[in-house]
Each structure stands twice: as structure tokens, then as C-alpha cells.
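Before any comments, here is the structure.
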Amino acid sequence: MLSRTTFVALVLLSCASLNAQNASSSASSYQIEEGILYRTGDDLTDGMKKMCRLDIYSPVDAKDFPTVVWFHGGGLTGGKRKIPEQLKSSGIAVVTVDYRLSPNVKVTDCIDDAAAAVAWTFRDIEKYGGSPEKIFVSGHSAGGYLTSMLGLDKKWLKAHQIDADNITGLIPFSGHTITHFTVRAERGIDGKQPIIDEMAPLFHIRKDAPPLLLITGDRDLELLGRYEENAYMWRMMQVIGHPDTELFELDGYNHGGMAGPAFPLLLKFVKKHAK
């Protein structure tokens, strides 16, 4: 875990590195395929057929590149898929995912949709030239919560015949590590009442989880306790002996604004672990 002062210098260096990387990748061409239905079967509901869609943005004429599966934020009640501009022309593929939303479904359905999208990526990424051994999962806010739940609680991906340990790395941006407030709302529990149970990433900490990069905004500008939640996750991963959990606090950025300056850290993490 780095100090807030140290982080400012690190972001400047990371941005410089990202600009150089993007310049070297700009000569490459990219393709996008949109609206892919990632769930299969004869029992798909109309809601699944509408919402369980993804776009894939990938380099052309490249092989074995890394892929980031990206989940949007919105409190599990809103938002829609979009390829982050900061990840374009960076030498990686991006799979951006829509999933069903509360209150139309339960949060467990949101997580299961996310698991199905990651499973699709493992099965299909080679068709686009990517490596199934270099798959990262990331997302902002609610997307960060989905990221951590999929990577730490192995049952979600196991239901889709994927071992969560095969994820190369987890990169939640300002995600809940306690039980999500939309889960609490389903139960009639106030959003300021913290809960840690089976619907909390913290409940599933394990030392054999994939490498984990936790990024939040400024502790004084974030949503209620979001930095402290992630700091506790970082501490407990140290306690149980996880070998590769990092935590960064983006000084001066609030919950919504922290995503932009977090992407250089994501790309640096991908480069490190995709070797």
C-alpha cells in the first residue's frame, strides 16, 4: 500500500508510460463486434435476451493478447456497457458487458450474468486472437463489486464450468468489499448499516485468489467508507497470506472521478501479469 503523496508521482509516471504504450499501439488496427448474446440455452427469458449482451473490442492481426472484461457501474440498478476510451488502442482486447439490473432481478442474478460473461470470454477469446491465459476482470463501482465477487467467491464461475483461479488478475475500481447496498436494500436494511456476509467480497478472502489491484478515490471524497472498506480488504489479504494484493488511493478524486486516473494503473498491472 502506498502513501497518498507517493501516489501522485506514480500516476504521473504511469500516464507517461501509458502515452508511450498508446503511441506504439496506434499503428495497429482494431475491430469491434457489438451486441453478442453471452448466455445460451432454451430457457432464456426476454430480459436475458435483451440485457445479457456484450461488445468485444480487439486488435486485428494480433495473437495471444490480454483481455480485460469490463463491468459498468450504476449501483446494480442502472448503467450500460461502454468501452472505456482509456483502454482503446492499448494492445489489449476489451469485453464490455451489460447485465440484468435490480429491481427487475435480484443481485444474485446480476452476479450470475457477470459470471456468464466471463465464462464466454474464456471460451471464445481465442476466436479473436486473444489468450485465455491472460484474462483480467475489472469494473467501476458496482462493476468493481462484481469483479471481486467473481474472483473471490468461486461458486459463481464454477456454475459456468470456469475456475476463478484461472483469472489472471482482478482490478476493482472503488467497489464495495462489504455486502452491496443494493443487497441491503433488498433486505430492507439501511444503506448506512454495514453488513459482511456471503454477499460481501470480504467474506470470501483467500490466499490463493488471483492477483488483486484495489483502487479507490480520495478517502475524504469517496462514497461512505469506500476507501476504508478497500483498505480493510487489503489488510485482511495480507493477514491470510495472499502474495499479490495492492491498494491505491487517488488523492483529490471522488468516486466518479477516480476512474480516469485509475486506468494507467490497470494497464501497468495487466502488462506486469500478462507476461
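Sequence positions, counted from 1, serve as the residue numbers for this chain.
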*Would you say the side-chain atoms of H273 and T168 include a donor-acceptor pair closer than 3.5 Å?*
no
*Could you pull out the closest heavy-atom pair between G91 and F65, with the gap in Å?*
O-CB, 3.7 Å
*Which heavy atom in T147 sits nearest to a heavy atom in S138, and how many Å separate them?*
OG1-C, 3.2 Å
*Closest heavy-atom contact between M233 and L202?*
CA-CD2, 3.7 Å
*Could you tell me the separation between the CD1 atom of I205 and the OG1 atom of T177, rounded to the nearest 0.5 Å?*
10.0 Å
*asked:* Once rounded to the nearest 0.5 Å, what's the spacing between atom CG of L101 and atom SG of C110?
replied: 6.0 Å
*Determine, stepwise, if the pair D190 / K192 fulfils salt bridge (charged side-chain N to carboxylate O under 4.0 Å, His left out).*
CA-CA 5 Å; D190 186 84; K192 295 185 178 67; 5.0 Å; no
*When rounded to the nearest 0.5 angstrom, what is the spacing between OG1 in T108 and CG in D113?*
10.0 Å
*Within the side chain of N230, is there an N or O that forms a donor-acceptor pair under 3.5 Å with the backbone of G175?*
yes
_Within one Ile-Leu-Val-Met-Phe-Trp-Tyr cluster: I189 and F181, side-chain cutoff 4.5 Å_ = no
*Is it true that atom CD of E133 has more than 12 heavy atoms of other residues, nucleotides or ligands lying nearer than 6.0 Å?*
no
*Nearest-0.5 Å distance, OH of residue Y30 to CD1 of residue I92*: 8.5 Å
*P103 side chain near T182 side chain, heavy-atom distance below 4.5 Å*: no
*Locate the shortest heavy-atom distance separating P66 from A274; write the atom from each residue and the value.*
CG-CB, 3.7 Å
_Within the 6.0 Å centroid threshold, strictly below: F263 and F173_ = yes
*Could you pull out the closest heavy-atom pair between Y227 and T216, with the gap in Å?*
CD1-OG1, 3.3 Å
_Quick one, Q238 and L247 - any side-chain contact, counting heavy atoms below 4.5 Å?_
no
_Starting from V183, can I reach I195 by hopping between I/L/V/M/F/W/Y residues whose side chains sit under 4.5 Å apart?_
no
_Common cluster, W156/V105, ILVMFWY with side-chain heavy-atom separation under 4.5 Å_ = no
*Look at K154 together with D165 and state whether they make a salt bridge at an N to O cut-off of under 4.0 Å.*
yes
*asked:* Do L223 and H176 have side chains that approach each other closer than 4.5 Å (heavy atoms only, starting at C-beta)?
replied: no
_Just so I know, are the side chains of I135 and N166 near enough to count as touching, which here means a heavy-atom distance under 4.5 Å?_
no
Give every donor-acceptor pair under 3.5 Å between a side-chain atom in residues 72-85 and any protein atom, sequence neighbours left out.
unit_1 : atom_1 : unit_2 : atom_2 : d
H72    : ND1    : Y99    : OH     : 3.4
T77    : OG1    : G74    : O      : 3.2
R81    : NE     : D55    : OD1    : 2.9
R81    : NE     : D55    : OD2    : 3.2
R81    : NH1    : D98    : OD2    : 2.8
R81    : NH2    : D55    : OD1    : 3.3
E85    : OE2    : K88    : NZ     : 2.9

*Taking the side chain as C-beta and beyond, is there a heavy-atom pair between S89 and Y57 under 4.5 Å?*
yes
*Using a 4.5 Å cut-off on heavy atoms from C-beta on, say whether the side chain of V270 contacts that of I171.*
yes
*Separation between CG of L250 and OG of S174, rounded to the nearest 0.5 Å*: 9.5 Å
*asked:* Does any part of the side chain of D163, heavy atoms only, come nearer than 4.5 Å to the side chain of F122, both counted from C-beta?
replied: no
*Side-chain heavy atoms under 4.5 angstrom apart, residues restricted to Ile, Leu, Val, Met, Phe, Trp, Tyr: same cluster for I167 and L146?*
yes
_Students often mix this up, so state it plainly: with edges at 30° and 60°, are the rings of F136 and F269 parallel, tilted or perpendicular?_
perpendicular
*asked:* Minimum heavy-atom separation for A164 and R206, please, with both atom names.
replied: CB-NH2, 4.0 Å
_If hydrophobic clusters are built from ILVMFWY residues whose side chains come within less than 4.5 Å, do M149 and M236 share one?_
yes
*asked:* Going by salt bridge (Lys or Arg N to Asp or Glu O under 4.0 Å), name the residues that satisfy it together with E33, two or more places apart in sequence or in a different chain.
replied: none
*What is the distance from atom NZ of K50 to atom CG of N104, rounded to the nearest 0.5 Å?*
8.5 Å
_If you define the side chain from C-beta out and look only at heavy atoms, does anything of R184 sit under 4.5 Å from M199?_
no
